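Below you'll find the structure, written out as structure tokens, and then a few comments.
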2 protein chains.
Amino acid sequence: MPIEIPDVVIDRLPVYARALALLDRNGRAVVSSQELGAQLGVTPAQIRKDLSYFGRFGKQGRGYSVPRLLEELRQILGLDREWTMVLVGVGQLGRAILAYGGFAPQGFRIIGAFDAEPATIGQQVNGARVQPASELEASLRTRPADIGIVATPAAQAQQVIDRLVGCGVKAILNYAPIAAHVPPHVHIKDIDPVLSLQSMTFYLKSQLTAPVK
Amino acid sequence: MPIEIPDVVIDRLPVYARALALLDRNGRAVVSSQELGAQLGVTPAQIRKDLSYFGRFGKQGRGYSVPRLLEELRQILGLDREWTMVLVGVGQLGRAILAYGGFAPQGFRIIGAFDAEPATIGQQVNGARVQPASELEASLRTRPADIGIVATPAAQAQQVIDRLVGCGVKAILNYAPIAAHVPPHVHIKDIDPVLSLQSMTFYLKSQLTAPVK
DNA sequence: GTATGTGAACCACTTCACAGCA
DNA sequence: TGCTGTGAAGTGGTTCACATAC
């Protein structure tokens with residue numbers, strides 16, 4: 001039955017869900033692919049096609065019920081439950097991640113934090129006690145996590161990822177500046193602002209000679 | 001002369017550059033597209049095709065000179081000079097960005113930080129004095145910046161982006177969870193870990209019934 | 001012998017355009 | 001009438017495969 005769904009489609013669904021959540025909070029009952037697309041910078045056809053992979057959620061002539069479609073997307077994406085995460089690497093970046101208030105409200109809970117640095121181990125950071133990295137496996141055995149967050153220096157990142165994968169972690173959010181290798185059944189997303197900057201400069205450079213004003 | 005270069009190609013170049021920099025530091029003189037691809041999880045043909053948009057940098061039968069190709073890429077991307085950035089939004093996230101040590105070594109310097117919160121204005125954060133958001137325009141007039149970093153709450157982000165664009169900023173690194181609108185000559189990249197998590201859960205969800213071990 | 005550079009073939013995603021339904 | 005759902009057409013990016021050069 002399952003026609004393969006393109007990854008790009010999956011990547012867009014959370015964007016749709018977020019926009020719908022906002023509309024919903026504003027009391028909006030119905031929205032068309034046209035309007036949703038305008039808000040998100042996506043073509044209406046794109047939205048309709050994306051949604052059509054999962055079902056028929058709209059009403060012809062009217063549009064989509066905001067709460068209904070939102071609920072459907074949350075279910076499709078698995079956002080209707082809580083997901084547990086462990087953080088490895090509690091340096092400056094790791095601390096910022098622990099302090100970040102954007103995960104919990106979306107159902108992503110950090111249940112453990114690990115670091116190799118003796119000075120860091122045992123510290124209380126944002127309500128989490130930093131555990132020795134050596135205890136990663138033992139800890140995950142008693143209390144499995146769905147997702148691993150990697151915020152170690154580049155040099156340790158691949159090894160940490162291998163260990164997480166070895167513990168059965170199936171998804172990794174990687175903040176380390178490396179192109180990591182993972183087996184095919186493991187999903188990984190990189191967060192790398194430097195790469196984003198370094199590609200934008202290409203266009204900045206070209207524009208220097210082309211004044212806009 | 002200029003055949004349009006796909007954006008995806010530009011996005012990959014910094015990845016290549018980073019890998020080459022590592023090889024270079026390790027004293028590696030020559031590398032093949034084959035080997036570079038294996039390291040990065042990219043096909044050799046992809047790498048060769050990408051590079052072919054910009055010139056002929058390799059030697060048949062040998063491969064690419066690591067320092068030579070690295071230098072070419074740095075030049076193509078504009079990484080051979082310093083870029084200035086201003087940060088808007090000095091909350092928890094903004095502070096983490098100011099404290100982040102990964103920008104400066106790559107030539108990205110934050111020259112100004114702005115916030116609307118009276119309690120935050122005037123504070124010294126990581127060597128930068130937080131200026132009132134109201135002074136954004138005046139400050140950028142005397143000291144222009146190439147790139148704007150947006151780390152405000154979602155509600156203010158679009159407005160802040162509009163102001164940055166109005167000041168002539170041509171590239172934006174957006175940490176706010178919104179789908180921002182910018183004119184076509186402005187480049188924007190979103191950093192949004194929550195979206196990354198929310199798309200990975202789709203696959204986690206599907207795997208729950210498919211045991212691997 | 002070996003690895004590049006590149007047209008051509010292929011594939012995947014996007015957009016079109018319209019039938020169908022509210 | 002208005003907007004969805006969707007095959008079909010179109011577009012853009014990737015991979016192939018080989019002539020070419022070292």
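In what follows, chains are A, B, ... by sequence order, proteins preceding strands, each numbered from 1. Predicted, not measured: the structure shown is a model, and the values here were computed from it. Basis for what follows: all heavy atoms, side chains included, without hydrogens, waters or symmetry-related copies.
Atom pair Phe54(B):CZ and dG5(C):P shows a separation of 13 Å (rounding to whole Å applied). Straight-line distance from the OH atom of Tyr16(A) to the P atom of dT4(D): 13 Å, rounded to whole Å. Rounded to whole Å, atom P of dG13(D) lies 11 Å from atom CD1 of Ile10(B). Atom P of nucleotide dT4(D) and atom OH of Tyr53(A) are separated by 18 Å, given to the nearest angstrom. Atom pair Asp7(A):CG and dA12(C):P shows a separation of 12 Å (rounding to whole Å applied). Rounded to whole angstrom, the span from the CD atom of Glu35(A) across to the C1' atom of dC3(D) amounts to 13 Å. Spacing between atom CG of Asp50(B) and atom P of dT6(C) amounts to 13 Å, rounded to whole angstrom units. Rounded to whole angstrom, the span from the CG atom of Asp11(A) across to the P atom of dC13(C) amounts to 11 Å.
Using a 4.0 Å cut-off, some side-chain N or O of Tyr64(A) falls inside it from OP1 or OP2 of dG5(D). At least one side-chain nitrogen or oxygen of Ser33(B) sits closer than 4.0 Å to the OP1 or OP2 atom of dT4(C). Contact check, Arg62(B) against dT20(D): no side-chain N or O comes under 4.0 Å of OP1 or OP2. Residue Gln46(B) has a polar side-chain atom (N or O) positioned under 4.0 Å from OP1 or OP2 of dT14(D). Taking only side-chain nitrogens and oxygens, Ser32(B) never comes nearer than 4.0 Å to OP1 or OP2 of dA3(C). OP1 or OP2 of dA3(C) has not a single side-chain nitrogen or oxygen of Arg56(B) nearer than 4.0 Å.
Under the side-chain contact (heavy atoms from CB on, under 4.5 Å) test applied with Arg12(A), the options Leu40(A), Asp50(A), Ile47(A) reduce to a single match, Asp50(A). Applying the side-chain contact (heavy atoms from CB on, under 4.5 Å) test between Leu164(B) and each of Val186(B), Val169(B), Ile149(B) identifies Val169(B) as the sole match.
Between the side chain of Gln60(B) and the base of dT20(D), a donor-acceptor pair under 3.5 Å is found.
The line from CE of Met85(A) to CG of Asp146(A) is 9.5 Å long, rounded to the nearest 0.5 Å. Here Thr152(A) contributes atom OG1 and Gln158(A) contributes atom CD; the two are 10.0 Å apart, rounded to the nearest 0.5 Å.
Taking for each of Lys49(A) and Gly61(A) the nucleotide of DNA chain C with the nearest heavy atom, the 5'-most of the two is the partner of Lys49(A).
Using bins of under 30°, 30° to 60° and over 60° for the plane-to-plane angle, the ring pair His187(A)/Tyr203(B) lands in the parallel bin.
At the heavy-atom level, Arg48(B) lies under 4.0 Å from base atoms of the strands shown.
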